[in-house]
*Asks:* 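My structure is below; once you've seen it, I'll send some questions.
What you are looking at is a predicted structure, and each value in this text was computed from that prediction instead of being measured. Just so you know, ligand 1 is whichever comes first in the structure, and atom 1 is the first atom listed for that ligand.
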Amino acid sequence: MCGIVGYIGARRPVPILLEGLKRLEYRGYDSAGVATMNGSDSLFVCKRAGRVRELEHALPELPPKANVGIAHTRWATHGPPSDNNSHPHLSTDERIAVVHNGIIENHSTLRTMLIAEGVNFRSETDTEVVPHLIARFYEGDLQAAVKQALGLIQGTYGLVAMCVDEPDRLVVARNGSPIVLGVGDNEMFVASDAPALIAHTRQVVYLEDGEVAVLDANGFQTTDLSDRSITKAVNELDWEIEQISLGDFEHFMLKEIHEQPRSIQRGLRGRALPEFGDAKLGGLNLDRRAFFDIRRICLIACGTSLHAAMAASYLIEELARVPCSVEIASELRYRNPIVDANTLYFSVSQSGETADTLAAMREIRRKGGIVLGVVNVVGSTIARESDGGIYIRSGPEIAVASTKAFTSQLLALTLFAIKIGRMRDLSAEAGRNLLRALAEIPEQIEHLLAEQSDHLKAIAESISSAPYVLFLGRGGNFPAALEGALKLKEVSYIQCEGFAAAEMKHGPIALIGDGTPVIFISPMDHLHEKTLSNMEEVKARGGRVIAICNPGDNEVRNVADEFIEIPATHNMLTPFLSVIPLQLIAYFAALYLNLDVDKPRNLAKSVTVE
Ligand code: AGP
């Protein structure tokens, strides 16, 4: 999930490349590097382990004058973070430079072949075979040499190549890792994600797998690997640069937690039909007849998106009265799935680029299944390859720890559940009740954030030294408990797990010792009494009960050591609210531990490799 930036035009490339890398640092941040022309007959290359700021400090005050350059920020797959393993990687004669995102799966075989031909490798990376292969085929045509090199490569790539002998162009290729071109005025940009481009242009072109583009200052030409010309549409980015700036917030994670009232309002806008207790979702590409033929729904996702899908599955089954299963994408793709014509599949993904979710979707579609996307990033691969879908409209999510995407994905799937439910047994009144409750969620989150933040900060600090934390919930709040555990572990590195509350007795209760923090989600719903019993079981073993409950719940307040009040809402919608305290607890724990909240160790924002 590396960050790639390239530039060609009349301006000096290094400032543009560095600014772009900083916008992409959430995609990977263990090392970084740049390459530009250095005069007319050599390359200037600077690369460093560490954050982009290390690279910036290593660069000379005045980098060489140039009109073309490439840059990279890395999330290591092969070889630890080091100066040598940083990109760009060079051919032996140092006349060709390449930056790459993805995995060259047959890199060992290619490395052995190239070493036998006399190549001396400088790094431990899979990527380094690429510039050596290009040089092996180079006879004065960089594009042709890149295509010949790609003919030997198995695996995934989003790559940009430059060559001293062709200083007026960049060659870009994509297979399995996102690449977007930026169209400027007499200048061109390329990046692995649009935030690197928004400061310079809103005109973007998304490359598809198997496409190669040649960029010069006047524009771009696109062909496939067989040199067939391809015409590409130019799209307009639909968000502002402010949305990828910190504003008054210290971290993107906190900013995006606080954005949820607005992101939910955006997700609702134009989609709720209170008069009919129904929802309007353009883009599903399903005719009314198709809705009647749906006998099962299957949601496919990873990570936070998996938890949003799990929470939505309770709503879909309850409202639409069709079985709804949730699949871990990485498991589904290798299980030779059984696909039937009456199952509707959804791939749920914030980035729309997660390799496992994309591969699972492709496998289902290859077997004839219909897959809709529930995606945030417009124009992303999953959005473009699905048979239709729902954009969640949560706005760019920069923090590695996903927060607003969870509530926006849950909202999109809730609206779908209402829509399909109203074509079955869901009454107009029941639909109206849900829509009314949904319409109140933004303000309820607003109040929660305003009233509970200090209290949550204190709770977060009190658990930050715990060796282990348990999150427990029932019904749709079981996935919320899973999400709370994922948030805490990924930003604070505290050992923690989420479980279905009743499941605690089947093993995890052995982990309860004196003072073990157990965070319960216990709204006053039909499962309230059961969850209360679980709290008593924890107390009886010396555990510390922290309960997320509704105002006035004296039963919980009499048992719990700490309680966090969330507003009451429709029983089916409590995960929208219960997840907010969990997000903030994770954030404040990481802050208290002085960890890098937005760039946690070992992680990257979009997992575009297996
Ligand atoms: C969640 O905080 C993580 N960043 C990660 O689990 C993420 O949700 C997962 O990789 C799925 O990403 P996607 O929604 O972009 O597909």
*Asks:* In plain terms, say whether Glu236 and Arg202 are close enough for a salt bridge, that is, a side-chain N and a carboxylate O under 4.0 Å apart.
*Replies:*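 Looking at Glu236 and Arg202, the cut-off is met.
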*Asks:* Evaluate the side chain to side chain contact (heavy atoms under 4.5 Å, CB included) criterion for residues Glu385 and Leu358: first the C-alpha distance (whole Å), next the side-chain angles of each, then the deciding distance (0.1 Å), finally the verdict.
*Replies:* CA-CA 9 Å; Glu385 293 195 11; Leu358 179 59; 3.8 Å; yes
*Asks:* Please list, in number order, the atoms of ligand 1 under 4.0 Å from a heavy atom of Val607.
*Replies:*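 Answer for ligand 1: 10 (O).
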*Asks:* Regarding Glu54 and Arg51, does a basic nitrogen lie under 4.0 Å from an acidic carboxylate oxygen?
*Replies:*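 Answer for the salt bridge query: no.
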*Asks:* Is the shortest N/O to N/O distance between Lys605 and ligand 1 below 3.5 Å?
*Replies:*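 No, no N or O pair falls under 3.5 Å.
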*Asks:* Taking N or O atoms only and a 3.5 Å limit, does Thr357 qualify as a polar contact for ligand 1?
*Replies:*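 There is no such contact.
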*Asks:* I want to know if ligand 1 touches Val400 in the polar sense, i.e. an N/O pair below 3.5 angstrom.
*Replies:*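 Yes, since at least one N or O of Val400 sits under 3.5 Å from an N or O of ligand 1.
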*Asks:* Walk me through it: do His258 and Phe249 pass the test ring pair (Phe, Tyr, Trp, His ring centres under 6.0 Å)?
*Replies:* CA-CA 10 Å; His258 280 259; Phe249 290 90; 5.4 Å; yes
*Asks:* When you check the gap from the basic side-chain N to the acidic O, do Asp209 and Arg362 get nearer than 4.0 Å?
*Replies:*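 Between Arg362 and Asp209 there is a salt bridge, with a charged N closer than 4.0 Å to a carboxylate O.
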*Asks:* What is the nearest protein non-hydrogen atom to atom 12 (O) of ligand 1, stated with its residue, atom name and distance?
*Replies:*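 Result for atom 12 (O) of ligand 1: Thr354 OG1, 3.4 Å.
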*Asks:* Provide, to 0.1 Å, the distance between atom 14 (O) of ligand 1 and the closest protein heavy atom, together with that atom's residue and name.
*Replies:*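 Protein heavy atom with the smallest distance to atom 14 (O) of ligand 1: Ser305 OG, 2.5 Å.
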*Asks:* Between Arg384 and Glu208, does any side-chain N to carboxylate O distance fall below 4.0 Å?
*Replies:*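 Glu208 and Arg384: salt-bridged.
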*Asks:* Can you confirm whether Tyr592 is buried at OH, in the sense that more than 12 heavy atoms of other residues, nucleotides or ligands lie under 6.0 Å from that atom?
*Replies:*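 No, not enclosed.
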*Asks:* Looking at Tyr157, I'd like to know if the NZ or CZ of Arg174 sits under 6.0 Å from its six-membered ring centre while staying within 45 degrees of the ring's axis.
*Replies:*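 Here Arg174 fails the 6.0 Å and 45° test against Tyr157.
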*Asks:* What is the nearest protein non-hydrogen atom to atom 2 (O) of ligand 1, stated with its residue, atom name and distance?
*Replies:*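 The closest heavy atom on the protein side is Glu490 OE2, 2.4 Å.
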*Asks:* Just let me know how Thr304 lines up against ligand 1, side chain, backbone, both or neither, with a heavy-atom cut-off below 4.0 Å.
*Replies:*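 The answer is both.
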*Asks:* Closest non-hydrogen protein atom to atom 15 (O) of ligand 1, residue and atom name please, with distance?
*Replies:*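 Residue, atom and distance for the closest contact: Ser351 OG, 2.7 Å.
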*Asks:* Tell me which one of Cys302, Ser402, Ser380, Gly303 gets a heavy atom nearest to atom 11 (C) of ligand 1.
*Replies:*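 Shortest heavy-atom distance from atom 11 (C) of ligand 1: Cys302.
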*Asks:* Below 4.0 Å from ligand 1: does a non-hydrogen atom of Lys487 turn up there or not?
*Replies:*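 So Lys487 counts as touching ligand 1.
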*Asks:* Provide the number and element of each atom of ligand 1 under 4.0 Å from a heavy atom of Ala401.
*Replies:*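 Ligand 1 atoms under the 4.0 Å threshold to Ala401: 2 (O).
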